[in-house]
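A quick write-up on the structure given underneath.
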Amino acid sequence: MNQTGPLAERLQAVADRIQRAALAAGRPPPRLLAVGKTRDAEELRALCALRRAAGEDRPACGENYVQEAARKIPGAGPGIEWHLIGHLQSNKARQAAGLFDWVQTVDRPSLVAALARHRDRARPLEVLIQVNVDDEASKHGCRPGDVPALAEAIAAQPALRLRGLMAIPAPHPDPERRRPAFARMKALFDALAAQAPGIDTLSMGMSDDLEQAIAEGATLVRVGTALFGARPPRPAPG
Ligand SMILES: *Cc1c(COP(=O)(O)O)cnc(C)c1O
């Protein structure tokens with residue numbers, strides 16, 4: 001495996017940032033989720049090979065769109081843990097339940113039911129509740145006050161396993177300004193842990209704010225641009 005080149009360098013730089021931020025925060029380093037939107041299967045395969053060579057057993061990759069993931073997953077090769085990180089329409093729940101290991105964007109009871117219906121309880125789907133933590137304009141994610149009821153609905157489904165929370169704070173040019181939202185998510189996570197002691201995942205932080213997210217307690221960061229470079233403009237979603 002070629003361990004040099006721009007992809008290897010960017011991966012190393014991201015790994016270093018994560019390590020440094022965790023050390024500074026006195027927390028265990030979070031998991032890395034490589035966000036593959038607009039990237040092809042070959043790039044994902046190459047990145048995962050580098051991550052395996054660096055000692056990661058089953059690298060985690062995230063996709064925003066079910067259709068795009070369906071096209072890419074076969075070509076990216078085996079041994080990858082696939083996460084859905086984009087909004088999920090209920091009419092795509094069946095396909096998502098078949099393709100992904102994790103769905104990070106569960107935000108309403110109807111979606112809980114739809115995912116559970118299409119998943120084999122012998123192999124439960126790992127789920128995160130997406131919280132609309134501060135972005136009033138976003139239609140996605142539940143309100144913070146809805147988390148306990150949604151967690152209860154998930155717990156009632158043997159085909160689903162609640163692992164924690166996910167958030168995409170409102171964009172702000174200064175990542176420091178996203179810190180209060182990350183802190184609110186950590187408080188919500190700790191409150192939920194009292195109700196659902198098995199949870200272990202707080203998914204927050206992206207290329208430009210992973211330090212702030214880790215400082216506030218992220219256990220999984222979702223990184224695209226810092227790994228793959230700037231995204232080309234997106235064609236019509238398919
Ligand atoms: C695109 C995306 C990311 C990664 O964003 P970058 O800034 O490219 O690191 C993380 N989470 C979600 C939900 C995304 O859509």
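As the structure lists them, so they are numbered: ligands from 1, and atoms in each ligand from 1.
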Check: Which residue holds the protein heavy atom closest to atom 10 (C) of ligand 1, what is that atom called, and what is the gap in Å?
Finding: Met206 SD, 3.1 Å

Margin query: Could you check whether any heavy atom of Gln104 sits closer than 4.0 Å to an atom of ligand 1, since that is the contact criterion I want to use?
Written below: no

Notebook entry, point to check: Can you tell me which residue and heavy atom of the protein come closest to atom 8 (O) of ligand 1, and the distance to 0.1 Å?
Noted result: Thr225 OG1, 2.5 Å

Notebook entry, point to check: What's the shortest distance from atom 11 (N) of ligand 1 to any protein heavy atom, and which residue and atom give it?
Noted result: Arg222 NE, 2.9 Å

Next item on the list: With rounding to the nearest 0.5 Å, note down the distance linking CG in Leu202 to CZ in Phe189.
Entry: 5.5 Å

Notebook entry, point to check: For atom 9 (O) of ligand 1, which protein heavy atom lies nearest, and how many Å away is it?
Noted result: Ser207 OG, 2.5 Å

Next item on the list: With sequence neighbours excluded, tell me which residues meet salt bridge (Lys or Arg N to Asp or Glu O under 4.0 Å) with Glu43.
Entry: Arg39

Check: Rounded to the nearest 0.5 Å, what separation is found between the CD atom of Glu63 and the CZ atom of Arg71?
Finding: 9.5 Å

Margin query: Considering both backbone and side-chain atoms of Met166, is one of its nitrogen or oxygen atoms within less than 3.5 Å of a nitrogen or oxygen in ligand 1?
Written below: no

Check: Rounded to the nearest 0.5 Å, how far does CD1 of Ile129 lie from CG of Leu150?
Finding: 4.5 Å

Item checked: Non-neighbouring partners of His87 that pass side-chain hydrogen bond (donor to acceptor under 3.5 Å, both in side chains), sequence neighbours left out -> His140

Item checked: Ile168 and ligand 1 - part of the residue with a heavy-atom distance under 4.0 Å -> side chain

Note to self: Starting from atom 1 (C) of ligand 1, what is the nearest protein heavy atom, named by residue and atom, and what distance separates them?
What the structure shows: Lys37 NZ, 1.4 Å

Notebook entry, point to check: For atom 12 (C) of ligand 1, what is the nearest protein heavy atom, given as residue, atom name and distance?
Noted result: Ile85 CD1, 3.6 Å

Note to self: Between Gln130 and Thr105, is there a side-chain donor-acceptor contact under 3.5 Å, judged purely by atom types and distance?
What the structure shows: no

